[in-house]
Structure formats: C-alpha cells, structure tokens
**Q** 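One structure coming up, written as structure tokens, with questions to follow.
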Amino acid sequence: MSTPARLADAIAIAEAARPVALAHFRTHLGVEFKSDESPVTIADRGVEAEVRRMIADRFPDHGIFGEEHGIEGEDSDDLWIVDPIDGTRSFITGHPLFGFLLAKLHRGRAELAVVSIPPTGEVFSAEAGQGAFLDGSAIHASGRTDAEGAAVYVNEGEKIWRAHPDVFARLMAFGKTRRLSCDCYPYGLLAMGHVDVVVDYDLQPYDYHPVALLVAEAGGVITDWEGSPLGMGYGVPVVAAATPELHAKALAVIRGQ
C-alpha cells in the first residue's frame, strides 16, 4: 500500500523534471512528428521517463497516464496525468513559456495539480479544497464579471480559425484586450488575476486536468464549450473565466448567442 500523495510530492516531482527539460532547451534537437502532426523530442520522452520513475518509486500502486508513453495501471483508483513538455512547438522554437503539467486524480477527480514553467522557475500548484498557489503564495482569479473590460487570451487560434471561423471572428471582438496565445501559461495568468478569460481548443486530458484544478481553486470556472465538466475526452475545446458570470458570457460568444 503506497502512502497518500501530497501536494509537496507533486511539486518535488515537477522540480526534479525541470533540469531534464532545461538541459535540452535551446539546443539543436531532432524533432519527430506524430500521426496527428504534433512534434515530439528527446526532451519530451526524457522528462516523462524521469517522472514515471519517480511516481512508480513513491506510489507503486498508482496508475500513470503520460502523453508520450501512454497509460499504465488504468484500473487503479489513483491516476497521475503527465504532460512532460506542454508546448513542444514553443520548446523547439526557443520560446521560454512552455510548461510541465502534472495532476493526480482519484476516481476521475483531480486532487492535486502542478503547472511548472521551467525557464522562469515559476511553480503553480493547487489542491482540491485548499486553494491555488504560485511559488507557495496564494493566488486568486480577478473576480471580473463584465466582458467590456476583460482581458481575453485565445489559445490555438489557428486551429479555431480553421475549424470554426465564425467562432474565431466573434472571439476577436470579445473583451477589452485580446491576445493570441498557446500552452498552459495563460491559465496561470488567469489564476493570478492578470487574465480574465482563456479560450482553448483540441486539448487532451493531460493538457486540461492540471490547469482545470488550478483555475477552479483560484476561484475561476472552466468547462468545455458546451458548458459541461471536463472528463477524460480527447480533442476537447475549453473555456475558462474568472467568474461564473464572465464564463457564461464567453460561452454565449462561442455559441453565437
């Protein structure tokens, strides 16, 4: 029987993964492309291998689901979800806001989450019912309810534009400030209160579960584009906002209402 996972365990795992990623950052890496055209590098695989080793050592009866090496122990009540480098396209182009994502689920519900930004050293973390933190200090979403003054970040804008040009056009007129963005960092900005809405597209469980707990514990709201809770679906469109009121307004824009 393994000991119960704690937030400190998750943070320690993320910290151990950081130098593995940074050892390869801004070096000349070979890049492969998977069947869905997403890139993968030796850094992705190396980080995930190290994280899997640490989880298996600490929690041998827990399952692990990683982007690069799939799922082991899927029948376990306790499942760790790992995205070793969230933003491989950012990583291979030298952009310093790629992340490392880790979440611990118990019977499908996230209990712990860490969103680490290796180049900056920032570590966002959250524990169900205990709040959200940046480097150990509590953080909170902005509390904004009006759309007129909202700062809106649109992740995966190219994908949204190609698949839903009407939605993309409406998003480009939503809020006060708009930024095209990518990867996990905008969710940290939302949890800190700097960004009010994040719209995202085509996410996998290892993309959304860590940021979802962070947003929720910071006081925000995050769902799919239908307003439904996030489960274990693939290719999920996501919308997060600082408050239920602003989240409802963002959903209405997405739906064209």
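Treat the numbers as computed from the prediction; the structure is a model and nothing was measured.
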**Q** If you take the centroid of each ring, where Trp contributes its six-membered ring, are Y206 and F65 closer together than 6.0 Å?
**A** yes
**Q** Applying a strict under-4.5 Å side-chain criterion to I, L, V, M, F, W and Y, I'd like to know whether L112 and F124 cluster together.
**A** no
**Q** Can you confirm whether the side chains of S76 and D61 place a donor and an acceptor under 3.5 Å from each other?
**A** no
**Q** Taking a hydrophobic cluster as the set of Ile, Leu, Val, Met, Phe, Trp and Tyr residues connected by side-chain heavy atoms closer than 4.5 Å, whether directly or through intermediates, do V221 and V152 fall within one such cluster?
**A** no
**Q** Any side-chain donor paired with an acceptor under 3.5 Å for D200 and Y187?
**A** yes
**Q** Under a 4.5 Å cut-off applied to non-hydrogen side-chain atoms, are E148 and K176 in contact?
**A** no
**Q** Answer with yes or no whether the hydrophobic clustering places Y201 together with V167; edges join I, L, V, M, F, W, Y residues whose side-chain heavy atoms lie under 4.5 Å apart.
**A** yes
**Q** Would you call V123 and F133 a side-chain contact if the rule is heavy atoms closer than 4.5 Å?
**A** no
**Q** Do E122 and T120 meet the criterion of a side-chain donor-acceptor pair at a distance under 3.5 Å?
**A** yes
**Q** Do F25 and F98 have their ring centres less than 6.0 Å from each other?
**A** yes
**Q** Rounded to the nearest 0.5 Å, how far does CZ of F59 lie from NZ of K104?
**A** 8.0 Å
**Q** Got a donor-acceptor contact below 3.5 angstrom from the R170 side chain to the V253 backbone?
**A** yes
**Q** Supply the atom-to-atom distance L79 CG to R107 CZ, rounded to the nearest 0.5 angstrom.
**A** 13.5 Å
**Q** Determine, for R18 against E15, whether the closest basic-nitrogen to carboxylate-oxygen distance falls under 4.0 angstrom.
**A** no
**Q** Using the rule that Ile, Leu, Val, Met, Phe, Trp and Tyr join whenever any side-chain heavy atoms are under 4.5 Å apart, tell me whether V215 and L134 fall into a single cluster.
**A** yes
**Q** Check whether any side-chain heavy atom of L102 lies under 4.5 Å from a side-chain heavy atom of I13, and answer yes or no.
**A** yes
**Q** Is I117 close to C184 at the side-chain level, that is, under 4.5 Å between some pair of heavy atoms?
**A** yes
**Q** Spell out, as yes or no, whether a donor-acceptor pair under 3.5 Å connects the side chain of E217 to the backbone of A132.
**A** no
**Q** Are E50 and R53 close enough, and set up right, to give a salt bridge (charged side-chain N to carboxylate O under 4.0 Å, His left out), and what steps lead you there?
**A** CA-CA 5 Å; E50 176 64 13; R53 183 192 65 76; 2.7 Å; yes
**Q** Same cluster or not: are I139 and V211 linked, directly or through other Ile, Leu, Val, Met, Phe, Trp or Tyr residues, by side-chain heavy atoms under 4.5 angstrom apart?
**A** yes
**Q** Carefully, step by step, assess E245 and K249 under the rule salt bridge (charged side-chain N to carboxylate O under 4.0 Å, His left out).
**A** CA-CA 7 Å; E245 295 88 347; K249 292 171 184 176; over 6 Å; no
**Q** Donor-acceptor pair, R144 side chain versus D196 backbone, under 3.5 Å?
**A** no
**Q** Measure the CZ-CG distance between R109 and L213 for me, rounded to the nearest 0.5 Å.
**A** 10.0 Å
**Q** Strictly distance-based, threshold 3.5 Å: is any side-chain N or O of D224 a donor or acceptor partner for the main-chain N or O of E226?
**A** yes
**Q** Tell me whether the centres of the aromatic rings in H164 and W225 are closer together than 6.0 Å.
**A** yes
